[in-house]
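Read through the structure below, which is laid out as structure tokens, and then see the notes.
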Protein chains: 2
Amino acid sequence: MLKISELSARTGLSAHTLRFYEKNGLITASNHSEAGYRFYTDADVRRAEFVKTARNSGFSLEDIGQLLSVRVDKLSHSCQQVTDITQHKLDEVNGKIAELQSLQQTLTILLESCCGGPENATHCSIMEALEEGEFRNNAGRETS
Amino acid sequence: MLKISELSARTGLSAHTLRFYEKNGLITASNHSEAGYRFYTDADVRRAEFVKTARNSGFSLEDIGQLLSVRVDKLSHSCQQVTDITQHKLDEVNGKIAELQSLQQTLTILLESCCGGPENATHCSIMEALEEGEFRNNAGRETS
DNA sequence: GTTGACCTTAGACTCAACTCTAAGGTTTAT
DNA sequence: ATAAACCTTAGAGTTGAGTCTAAGGTCAAC
């Protein structure tokens, strides 16, 4: 049975974050002292560690909530449900990477066009390019 | 002289956004009607378009503020100042891409390990991997 | 028997870039 | 002269994932 600060030390999640996760239904303390102190069982610790791993794998707290409901009742959930969540997250990540790569290209082109020297910016080609607005890549903007 | 809705139509930025940008010092209407309606000159329009292009190039509103101060007084600013802003943004983008690629790899490995079928999740290898927590990539978390 | 470290709660604040609302004033077309 | 379409402001709400504060209760050690 661990107190919240001990679980915090074990998981690297702050006590604040642990309470926040509790408020969001992700973790609970199975036991409480008379005064209301949280006491975490081994199972609680494993659940908290699962949450942390999932978070580090890029899942949102909402995703993690779904993964946890699979976790507590594996018999009623299929592998497909799990891969759906994972695939959806991967699609999201791939989309963001594509956006950022387009941005990366834009910025690289801008940087390559400019001397970067100490001369004044009267003829700076980055400024000119932004002034023209011709190379629009619309990165980061939802187009749908 | 354009009214705000007309500038909105020209730039694709909503009137709300244009007012918001004004509040943040990015754009202004050079003229106003007696009743206080904003009227934008050609120079205002060019400035708004500059802002839009910069935003589409991934610059934050704060970055754009800096770019605009170069823009209004190019003689007192150097190309280097402009490339510094741009390089800084590129570094940021590269960092995010690296994070996301690490995430992408994690998710891909997870997906490859699981059958994704209709069988129940009792032996789902994604769930097992999250349970183990061994493959930690800590994507998206500041480590510094 | 008190100091200091810990715990509790509810709720406000942070970041960025909007987005929207309320409540009202103006302009234009009929 | 009145309705529709536009404009104004101040300020609140959104998103996600925390982070922090205030005000107080509890526990262990000395």
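Atoms considered below: every heavy atom in the structure, side chains included; atoms not considered: hydrogens, waters and symmetry mates.
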### Summary
When A:Glu34 and A:Lys23 are each assigned the nearest nucleotide of DNA chain D, the 5'-most assignment goes to A:Lys23
#### Entry: Phosphate contact (D:dT8 OP1 or OP2) by B:Arg19 side-chain N/O below 4.0 Å
yes
### Message
At less than 4.0 Å, is any side-chain N or O atom of B:Ser14 found next to OP1 or OP2 of C:dC18? Yes or no.
### Response
no
### Task
Calculate the interatomic distance between B:Leu7 atom CG and D:dT8 atom C1'; express it in whole Å.
16 Å
### Task
Return no unless some side-chain N or O of A:Ser5 is found under 4.0 Å from OP1 or OP2 of C:dA5.
no
### Message
If you go through the side-chain atoms of A:Tyr21, does one of them form a donor-acceptor pair with the base of D:dG18 closer than 3.5 Å?
### Response
no
### Task
In whole angstrom, give the distance that lies between atom CG of B:Asn31 and atom C1' of D:dC7.
16 Å
### Message
What is the separation between atom CD on A:Glu62 and atom C1' on D:dT15, rounded to the nearest whole Å?
### Response
12 Å
#### Entry: Result of checking B:Gln87, B:Lys89, B:His88 against B:Asp91 for side chain to side chain donor-acceptor pair (under 3.5 Å)
B:Gln87
### d(CG, B:Leu18; P, C:dC20) in whole Å
15 Å
### Query
Which nucleotide in the list C:dT26, D:dT26, D:dG11 gets nearest to the side chain of A:Ala35?
D:dT26
### Query
B:Arg38 side chain N/O closer than 4.0 Å to the phosphate oxygens (OP1, OP2) of D:dT9?
yes
### Query
Can you tell which of D:dC6, D:dG11, C:dA17 lies closest to the side chain of B:Leu61?
C:dA17
### Query
For the base of C:dC18, is there a side-chain donor-acceptor partner from B:His16 under 3.5 Å away?
no
Only distances under 3.5 Å count here; give the side-chain donor-acceptor pairs of residues 109-124 of chain B to other protein atoms, sequence neighbours excluded, each with its distance to 0.1 Å.
unit_1	atom_1	unit_2	atom_2	d
B:Ser113	OG	B:Leu110	O	2.7
B:Ser113	OG	B:Ser125	OG	3.4
B:Asn120	OD1	B:Thr122	N	2.9
B:Asn120	OD1	B:Thr122	OG1	2.1

### Query
Below 4.0 angstrom, N of the basic side chain to O of the carboxylate: do B:Arg10 and B:Glu49 qualify?
no
### Message
So that I can tick it off, tell me whether B:Arg46 and A:Glu131 are bridged by a salt bridge, with the cut-off set at under 4.0 angstrom between side-chain N and carboxylate O.
### Response
no
#### Entry: Residue whose nearest DNA chain C nucleotide is more 5′ - B:Phe59 or B:Ser33
B:Phe59
### Task
Among C:dT19, C:dG25, D:dT19, find the nucleotide with the atom closest to the side chain of B:Phe20.
C:dT19
### Summary
Out of D:dG18, C:dT27, D:dC7, minimum distance to the side chain of B:Ile4 belongs to D:dC7
### Query
So what does B:Ser60 touch, heavy atoms closer than 4.0 Å: a base, only the sugar-phosphate, or nothing?
sugar-phosphate
### Query
Rounded to whole angstrom units, what separation is found between the CD atom of A:Glu22 and the C1' atom of C:dT8?
11 Å
### Query
Expressed in angstrom and rounded to an integer, what is the separation of B:Asn24 atom CG from D:dA10 atom P?
14 Å
### Query
Roughly, in whole Å, what's the span from OH in A:Tyr37 to C1' in C:dC7?
3 Å
#### Entry: Gap between atoms CD and P, on B:Glu6 and C:dT27 respectively (whole Å)
14 Å
### Task
Find out whether B:Tyr37 and B:Asn31 are in side-chain contact, i.e. whether some heavy atom of one side chain is under 4.5 Å from a heavy atom of the other.
no
#### Entry: Shortest non-hydrogen contact between B:Lys52 and B:Thr11, atoms and distance
NZ-O, 2.9 Å
